[in-house]
Every structure is written in C-alpha cells, then in structure tokens.
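Written below as structure tokens is the structure these notes are about.
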Amino acid sequence: MNIAINEETLQDIINIETGLLAPLTGFMGEEDVRSAVSCCRLADGQVFPLPVTLDVPQEQFNRIGKNQRLTLTYEGRPVAELTAESRFLLTEEDIAAVFCTADGAHPGVRKERERSACRVGGPVHLIDRSYLTDALKPEETRRVFAEKGWKTVVGFQTRNPIHRAHEHIQRIGLEVCDGLFINPIVGWKKKGDFTQEAVMAAYSAMSDAFYPKGRVHIAGLKTQMRYAGPREAVFHAIIRRNLGCTHFIIGRDHAGVGGYYGAYDAHALARELAPALGIELLLTREPYYCKKCGQIVTDKHCAHYDTHRVEISGTIIRKYISDGYIPDETMMRREVFQAILGCNQIFIQ
Ligand SMILES: [Zn+2]
C-alpha cells in the first residue's frame, strides 16, 4: 500500500535515518507514544518527551494489516518504507498532555488536530538516499568536533539572527566549554520570520568579528517547530546530544508560544529528566540590558530587573528592522545588523 506523506513527515524520516532522533529507528508505536505522553520516556525507559508519529487517512488505516509493508510517497515518488507494527489513535487527551493545553488556538494543538488521528508506528527506512546529501548528520558533526579537538561542546538552539542577549548566553557557553555549536532551525517557513540567509549572515559576521577562531561551528538543523514548550526543550537537548554536544543551553520559555508556558517551565522539566538525558544542561535566565549596571545581565546578578531593564528579543529586533529602524548596539552588534541588511531577503514572505 502507498501512503502519501507531506514535507514535515519526510523530514522526520530523514532525521530518523541519520540518527538525529535516536533512539528512534522508526515512527513511534502505541506503547512508546502512551509512555512518552505520560512520563516523557519510551516504553524501555529512555527519555523521549514527544510523540513522533505517522498519520494515515482513516480509509487506508482501516485496511492496514499487522506488520504490513507500506511504501511512503512524497510528491508521487516512493521515498521510504515502513513496517506497520502498531496501529492506534492519537487522542485529544494525548494532545492536551503534550502541549499542556487543549486550546485550539495553540499552533501545536491546531496542527495535531489537522492531522488524521489514525497513527501507524514501526521501523522506517529511507529509500531515496538523495535526501541525505544536505541532511545534518550526527557522524559529521561528531567528526568536526573531534577534528577541532573539542572535548566539550555546547549546543545553542535558535531561529533568529544573533542579538546581545543570545551573545551573553553564548559567551557563558564558551566560558564553560571548548566549543560552541550554533545550530539554528532552518527550512521552516513562518511568514514574517527571518530567512535562513539572514540568520546565517548574522552569525558569520558575529563569528568573524567577535568570537575567537576555531571555537565556533555553525550548521542548520531541519526540523519542524512543534511549540511543545518544556517537552520540546528536552527534545532539542536529545537532538544535540545525538549530534555530539556535551552541553545544551535552555533559556527562558524555550520553544514556547504565546503565554501557554511559564517562563521557566522548561527548566523545571529539564532538571527532572537531566540525570537520564546524557547531556549537561545550562539553564540560563533571560538576559536583558540594564541601564544601571550598564551591561547585559540577568536577574541572577543584577538587582534592577523591575527598574532599569531594557528587554531584548528576536521579536523586538524583527519589528525594529521591518519598520526601518537601526537597533541600538545594546541590542544588536552593528556588524551583525549590517550583515542582515546586506541579505537578498531578510524576512520570509
Ligand atoms: Zn542592573
């Protein structure tokens, strides 16, 4: 039987194939999904906080037999094979547990509801190997880190060009570790967000002008944003562990959206799961510019959060640039800003 899949499902398959989503070797079956939903672990006890599943139209789902071989097609061409070991329904309760809300306005909840509730799990194999050419592969990042002689590597997740708050956190990482791996999520297409070109240009400028040679590696990560807040923060840590990082930074409201998660909910979940994660976590507070201290700080070492704080965020900088203003140097380095302006396309349209 042929099952048509979309681009995001294809990306999941590529990421399973490369080992980016290890220990997964296929789409999760019912036992693993129920376990992940209830306690952020697979049935065998390994930490895995999110369901990664294949949705199938009901009519096809009803005809799939136990252990049937399915051919997954993308744009009409066969791209992967899956052995259907498990068939189950993803329930409203599952969705609410993953996103900590049943609110249909939450983008993650909305997206899950738009998919068929019929899910099929089992080992998956990518047939069309051409998709591996540009894929981010753990074996490659691990080789790069080894060649650089890094014993410790801190991973940094982002979707935005670097601003001074990110810089503050990255310098903490560089202080602690041998190398900094900047691993922006690329290839996603939310209108109004910075393009991959802008994010990469900003980081090259920062790296060239400010960071010591040989201490930073940059490569894009293709995966969908799931907006699952705390659970997604742990998911991001697992991906960076698989890529060879020894440390991972989780900041304020990591992978959050709107007001659905508390600013440091991701820290709390990460702390709970950290002993079994296989990667050290740097749990950082929100950096801001303090007009009294005269530098970028966090509330861990500055007493003026309520009185002298100037907020720095990707959202604020996006607005500045799209409105034609130059962000203050306390928010964004001039070299970085110039690099963004030099891009063919700054925002996704
Ligand atoms: Zn201060």
Side-chain angles (χ1 to χ4, degrees), residues 152 154-184 194 198-199 202-203 205-212 215-216 229-230 233 236-237 247-271 274 280-341:
T152 52
V154 59
F156 184 81
Q157 145 85 31
T158 186
R159 285 175 286 162
N160 284 310
I162 180 169
H163 50 61
R164 297 294 302 274
H166 284 165
E167 177 184 335
H168 176 83
I169 293 171
Q170 289 171 10
R171 286 183 190 274
I172 293 169
L174 279 167
E175 195 68 45
V176 175
C177 291
D178 298 335
L180 168 67
F181 178 39
I182 295 160
N183 194 204
F194 284 104
V199 175
Y203 270 106
M206 183 68 201
S207 197
D208 288 349
F210 294 97
Y211 289 148
R215 302 266 335 265
V216 179
H236 284 161
H247 293 65
F248 182 63
I249 293 165
I250 296 179
R252 181 188 181 278
D253 199 20
H254 189 115
V257 59
Y260 288 101
Y261 309 107
Y264 297 103
D265 284 1
H267 285 188
L269 183 67
R271 254 190 218 105
E280 292 282 324
L281 301 172
L282 300 181
L283 306 177
T284 55
R285 307 283 300 180
E286 172 203 0
Y288 54 90
Y289 181 78
C290 173
K291 286 193 267 188
K292 176 83 170 165
C293 296
Q295 62 186 50
I296 309 286
V297 293
T298 76
D299 61 358
K300 253 189 143 176
H301 50 101
C302 151
H304 319 110
Y305 184 87
D306 294 323
T307 50
H308 296 79
R309 177 174 71 112
V310 181
E311 194 186 336
I312 306 169
S313 76
T315 311
I316 293 172
I317 287 175
R318 197 155 53 225
K319 180 148 176 38
Y320 267 47
I321 295 180
S322 60
D323 291 351
Y325 294 108
I326 300 173
D328 193 87
E329 282 231 66
T330 54
M331 287 208 180
M332 179 172 266
R333 298 274 183 192
R334 196 51 35 92
E335 289 84 346
V336 171
F337 174 67
Q338 296 292 358
I340 294 170
L341 283 195

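Quick note: residue numbers are just sequence positions, from 1. Note that ligands are numbered from 1 as they come in the structure, with each ligand's atoms numbered from 1 the same way.
The shortest non-hydrogen separation linking Thr152 to Cys177 is OG1-CA, 3.4 Å. In terms of heavy-atom proximity, Phe194 sits nearest to Gly314 at CE1-O, 4.3 Å.
For the atom pair OG1 of Thr284 and NE2 of His267, the computed distance is 5.0 Å after rounding to the nearest 0.5 Å. With rounding to the nearest 0.5 Å, the separation of CD1 in Ile249 from CD in Gln170 is 6.5 Å.
Counting only residues at least two apart or in different chains, salt bridge (Lys or Arg N to Asp or Glu O under 4.0 Å) contacts with residues 325-341 comprise Glu167-Arg333.
Here the protein contributes Cys290 SG, Cys293 SG, Cys302 SG, His304 ND1 as N, O or S atoms under 2.8 Å from the Zn ion (ligand 1).
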Exercise. Can you check ring-ring contact (aromatic ring centres under 6.0 Å, His included) on His163 and Tyr320, steps first, answer last?
Worked result: CA-CA 12 Å; His163 50 61; Tyr320 267 47; over 10 Å; no

